[in-house]
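Data first, discussion second: the structure below is written as structure tokens.
Since the model is a prediction, treat every value here as computed from it, not as a measurement. Within every chain, numbering begins at 1; the chains are lettered A, B, ... in the order of the sequence lines, protein sequences first and strands thereafter.
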Protein chains: 2
Amino acid sequence: MSDTRWLDDDQQRAWRSYLRMQTRLTAALNRQLQTDSGLSLADYEVLVYLTDAPDGRLRPYELQHALDWEQSRLSHHLSRMQRRGLVERQDCPEDRRGAFVVLTPAGREAITNAAPGHVEAVRDLFFDALTPEQVAALRQVATQVLARLDPASE
Amino acid sequence: MSDTRWLDDDQQRAWRSYLRMQTRLTAALNRQLQTDSGLSLADYEVLVYLTDAPDGRLRPYELQHALDWEQSRLSHHLSRMQRRGLVERQDCPEDRRGAFVVLTPAGREAITNAAPGHVEAVRDLFFDALTPEQVAALRQVATQVLARLDPASE
DNA sequence: CCAACGTACATGATGCGTCATCTATTTCAA
DNA sequence: TTGAAATAGATGACGCATCATGTACGTTGG
């Protein structure tokens, strides 16, 4: 109840463009990964962090913070990846509540095979369409919006 | 097999920032809409287009092109919205394969109630974080990436 | 010491999105 | 005109994401 301040035409157009880019770009990247490697974007990100970890092994909560995912999303996702043989779960002796997620050889192979094509696609569809200045500007935009979303991030 | 050209550090950082903004921003907007109005972002977009149509009525394929959705996504989504009483389906006499989607009074009420809060959130989380120049730059970025994704768009 | 509280993780339900596939109708060309 | 192809739409299966909740273990203050 009150006079809502609507978006002006420029803002509307910018917003719609942004939404459309987002939808299409992630769809395209997902499709590329899926058809070329049988992985989803989410799989890919999980595997990246595991690959960079010592022994390909992390506590789920570490992964969760690195990915900025909800806890239950990660848990469900790890279950599916485990079912497909990409990761394993191990008990954690130091904290009996906890666990470890470990990259399996199949998981390591999957990310190794997937990475070149995915990077290629990101470059082709995104970076090659933009100037370095635009990339820098976009990064700045993202940073400011993130600060707005989560004032406590840093 | 060959020397993949990886992303440099700036590109990596920009890419991660972008992905994180995307995830968090849509999550925040979805949550706002959901808790304040019981609608999802997808519901909202469907209702917007229906509201702007004569008699609140469109052929599904028109809606599909306007939204830039896959056909089956729309069909499933309309089924869910129909189940909740937000829209109805009607037969189309001119093309017996086809149909109409019509806004119900409940649907019209839902979008009317939801719009101010949603616009407010978009403004607050997005536009208020950015300068007009940044908004223009982002729009340009989206346009270029979209052109890259779909050379035949226009 | 132990009760209260916090943390690590799992699970079931449900909505969302894609793919593959199916049906019905229209269109178009030989 | 008729058969092939294109178009409009629905549906089932399945992976993805969130919310609510549950369980087990650690931590801490009295």
Report task. Map A/Arg96 and B/His65 onto DNA chain D by nearest heavy atom, then report which one ends up closer to the 5' terminus. Result ->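 Going by which nucleotide is closer to the 5' end, it is B/His65.
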Requested in this report: By nearest nucleotide on DNA chain D, pick out whichever of A/Gln34 and A/Pro93 is the more 5' one.
Outcome: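 With A/Gln34 and A/Pro93 compared, the 5'-side residue is A/Gln34.
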Spell out yes or no: do the side chain of [X] and the base of [N] have one donor N/O and one acceptor N/O closer than 3.5 Å?
{"X": "A/Ser72", "N": "D/dC19", "result": "yes"}
{"X": "B/Gln71", "N": "D/dA8", "result": "no"}
{"X": "A/His76", "N": "D/dG15", "result": "no"}

Query - Any donor-acceptor N/O pair, B/Gln134 side chain to B/Thr131 backbone, under 3.5 Å - result: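 Confirmed, B/Gln134 side chain pairs with B/Thr131 backbone.
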[X] [atom1] to [N] [atom2], straight-line distance once rounded to whole Å:
{"X": "A/His77", "N": "D/dC19", "atom1": "NE2", "atom2": "P", "answer": "18 Å"}
{"X": "A/Arg83", "N": "D/dG15", "atom1": "CZ", "atom2": "P", "answer": "6 Å"}
{"X": "B/Arg73", "N": "D/dA10", "atom1": "CZ", "atom2": "C1'", "answer": "17 Å"}
{"X": "B/Leu74", "N": "D/dT11", "atom1": "CG", "atom2": "C1'", "answer": "14 Å"}
{"X": "A/Tyr44", "N": "D/dC16", "atom1": "OH", "atom2": "P", "answer": "17 Å"}
{"X": "A/Asp68", "N": "D/dA17", "atom1": "CG", "atom2": "P", "answer": "13 Å"}
{"X": "B/Leu41", "N": "D/dA17", "atom1": "CG", "atom2": "C1'", "answer": "14 Å"}
{"X": "A/Glu94", "N": "D/dT27", "atom1": "CD", "atom2": "C1'", "answer": "17 Å"}

Query raised in the report: If you pin B/Trp69 and A/Arg59 to their nearest nucleotides in DNA chain C, which one's is more 5'?
Result: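 Whichever sits nearer the 5' end wins; that is A/Arg59.
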Query raised in the report: For D/dA10, does either OP1 or OP2 sit under 4.0 Å from a side-chain N or O belonging to B/Arg97?
Result: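 For B/Arg97, the contact criterion (side-chain N or O under 4.0 Å from OP1 or OP2 of D/dA10) is not met.
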Query - CG/B/Asp91: more than 12 non-hydrogen atoms of other groups inside 6.0 Å - result: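 No - once you tally the heavy atoms of other residues, nucleotides and ligands closer than 6.0 Å, there are 12 at most.
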Requested in this report: Answer yes or no: are there more than 12 heavy-atom neighbours, outside B/Arg96 itself, under 6.0 Å from its atom CZ?
Outcome: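 Open.
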Base, sugar-phosphate, or nothing: which does [X] touch, judged by heavy atoms less than 4.0 Å apart?
{"X": "A/Arg80", "value": "base"}
{"X": "B/Asn30", "value": "nothing"}
{"X": "B/Arg84", "value": "nothing"}

Query raised in the report: Of all nucleotides in DNA chain C with an atom under 4.0 Å from a non-hydrogen atom of chain B, which is the first and which the last going 5' to 3'?
Result: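 Listing 5' to 3', DNA chain C meets chain B from C/dG15 to C/dT26.
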Query raised in the report: Which heavy atom of B/Arg59 sits nearest a heavy atom of B/Cys92, and at what distance?
Result: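 Looks like NH1-SG, 3.5 Å.
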Closer than 4.0 angstrom, basic N to acidic O: yes or no for [X] and [Y]?
{"X": "A/Arg84", "Y": "A/Asp43", "value": "yes"}
{"X": "A/Arg31", "Y": "B/Glu70", "value": "yes"}
{"X": "A/Asp124", "Y": "B/Arg148", "value": "yes"}

Query raised in the report: Are a donor atom and an acceptor atom from the side chains of A/Glu45 and A/Tyr49 found within less than 3.5 Å of each other?
Result: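 Short answer, no.
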